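Since the structure is predicted, the reported quantities are computational estimates derived from the model, not experimental observations.
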Amino acid sequence: ASVSRIQEKRTMQSISEQHKNNSDYFLECAKNLLDTSTPLAAILIAHFAMEHKGNQLLALHGYKVESHICTQIGLSRIVGRKELAKKLSGIFTLRQSVGYRMTLKQSKESRSEAEKTINETVIPYFEEIDKLVEEMR
C-alpha cells in the first residue's frame, strides 16, 4: 500500500521530522544547483523537496505516504488544501517536462526558469506548510 495509518503520536512526530529533514535537504540542494552549469536540475530536486514537505504535514495527520499521487490526494482531501495539491502536481509535471527535454543546456533562460520555480512555487509552498504544521502544535 502507498498509504498507511499511523496510530502512535510519537511515530507521527518521528516520520514527520524525517520528512522535514529530507525536504530541507532537497530544498538546499535545489538552491545550490541554481548557481551551477545545470540549473534545470534544481527543478527535478525541488519536486522531491515539495513531496517530502507535503508528507511531513500528512504524517502529523496520521498518514505515512509513499507515492507522489497519494501526497497530492492527501493534501487535497485530508488537509483540505487543494491549492497545495495543485502546486505539487504542477511541479511534478514540470519535473517530467524538464526530465524529457531533448536539449538540456546551460542558458540564461534555464537559470531564470529554475530560479522562478524555486522562488515563486517551492519556497511559498514550504512557507504555507510550515504555517499549517505550526498550527497543529
Side-chain angles (χ1 to χ4, degrees):
S2 296
V3 178
S4 56
R5 288 288 289 160
I6 308 167
Q7 301 298 329
E8 189 178 294
K9 187 83 167 169
R10 184 182 295 163
T11 304
M12 286 180 198
Q13 294 291 335
S14 175
I15 291 172
S16 177
E17 189 63 26
Q18 290 170 350
H19 282 297
K20 179 191 182 316
N21 291 339
N22 287 351
S23 67
D24 290 345
Y25 181 91
F26 282 125
L27 178 58
E28 187 67 25
C29 180
K31 288 177 180 178
N32 289 337
L33 283 166
L34 293 175
D35 294 322
T36 68
S37 61
T38 58
L40 288 174
I43 293 171
L44 304 177
I45 298 299
H47 166 260
F48 295 110
M50 288 177 67
E51 189 171 341
H52 278 289
K53 195 68 174 172
N55 288 339
Q56 173 191 355
L57 181 60
L58 291 171
L60 294 175
H61 281 270
Y63 292 91
K64 182 178 179 186
V65 181
E66 298 175 359
S67 158
H68 71 273
I69 192 68
C70 291
T71 303
Q72 292 172 36
I73 292 168
L75 290 172
S76 180
R77 294 185 185 165
I78 294 165
V79 180
R81 299 297 299 267
K82 289 182 181 186
E83 76 282 4
L84 293 175
K86 285 182 182 181
K87 283 183 181 183
L88 185 56
S89 176
I91 195 84
F92 177 77
T93 301
L94 184 57
R95 182 199 86 160
Q96 287 186 306
S97 169
V98 168
Y100 291 105
R101 288 183 189 177
M102 296 306 290
T103 54
L104 289 172
K105 61 181 181 175
Q106 167 63 1
S107 68
K108 250 190 226 187
E109 293 80 19
S110 62
R111 176 167 280 132
S112 178
E113 178 182 5
E115 286 175 347
K116 182 178 179 184
T117 299
I118 299 299
N119 293 325
E120 296 179 13
T121 301
V122 181
I123 291 172
Y125 175 90
F126 265 60
E127 290 169 348
E128 189 60 31
I129 295 223
D130 283 340
K131 285 181 196 171
L132 294 171
V133 166
E134 193 58 37
E135 289 172 6
M136 294 185 73
R137 292 180 190 213

Exercise. Counting N and O atoms only, with roles assigned by atom type, does the side chain of R111 sit under 3.5 Å from a partner on the main chain of S37, one being a donor and the other an acceptor?
Worked result: no

Problem set entry | Heavy-atom donor-acceptor pair, T117 side chain to E113 backbone, under 3.5 Å | yes

Exercise. When rounded to the nearest 0.5 angstrom, what distance separates CG in L94 from OG in S89?
Worked result: 11.0 Å

Exercise. F92 and I118: same hydrophobic cluster, using ILVMFWY side-chain contacts below 4.5 Å?
Worked result: no

For this session: Answer whether the closest heavy-atom distance between the side chains of I91 and E51 falls below 4.5 Å.
Result: no

Exercise. Considering all heavy atoms of both residues, which atom of L40 and which atom of S110 are nearest to each other, and what is their separation?
Worked result: CG-CB, 3.6 Å

Problem set entry | Pairwise distance CG(D130) to CD1(I123) - rounded to 0.5 angstrom | 11.5 Å

For this session: May I ask you to decide whether K87 forms a salt bridge with E128, counting only side-chain N to carboxylate O separations under 4.0 Å?
Result: no

Exercise. Just wondering, do Q96 and H47 contact through their side chains at under 4.5 Å, heavy atoms?
Worked result: no

Exercise. Can you tell me how far the CG atom of L75 sits from the CE atom of M50, to the nearest 0.5 Å?
Worked result: 9.0 Å

Exercise. Is N22 close to F48 at the side-chain level, that is, under 4.5 Å between some pair of heavy atoms?
Worked result: no

Exercise. Do the side chains of I78 and L88 join up, straight or via other hydrophobic residues, at under 4.5 Å, putting them in one cluster?
Worked result: yes

For this session: Determine whether L34 and L27 fall in the same hydrophobic cluster, where Ile, Leu, Val, Met, Phe, Trp and Tyr are linked whenever their side-chain heavy atoms lie under 4.5 Å apart.
Result: yes

For this session: Nearest 0.5 Å please: distance from the NZ atom of K131 over to the CD1 atom of I129.
Result: 12.0 Å

Problem set entry | R10 CZ: over 12 foreign heavy atoms closer than 6.0 Å | no

Problem set entry | Hphob cluster co-occupancy, L132 + F126, side-chain heavy atoms under 4.5 angstrom | yes

Exercise. For the residue pair A114 and A42, what are the closest heavy atoms and their distance?
Worked result: CB-CB, 4.4 Å

Exercise. Would you call the rings of H52 and F26 parallel, tilted or perpendicular if under 30° counts as parallel and over 60° as perpendicular?
Worked result: parallel

Exercise. Any link between V3 and M12 through a network of hydrophobic side chains (Ile, Leu, Val, Met, Phe, Trp, Tyr) touching at under 4.5 Å?
Worked result: no

For this session: Please test L58 against K64 for side chain to side chain contact (heavy atoms under 4.5 Å, CB included), starting from the C-alpha separation and ending with a verdict.
Result: CA-CA 7 Å; L58 291 171; K64 182 178 179 186; over 6 Å; no

Problem set entry | Derivation of the side chain to side chain contact (heavy atoms under 4.5 Å, CB included) call for I15 and T11 | CA-CA 6 Å; I15 291 172; T11 304; 3.8 Å; yes

For this session: Supply the atom-to-atom distance E66 CD to S2 OG, rounded to the nearest 0.5 angstrom.
Result: 7.0 Å

Problem set entry | Gap between atom NZ of K20 and atom OH of Y25 - 0.5 Å precision | 15.5 Å

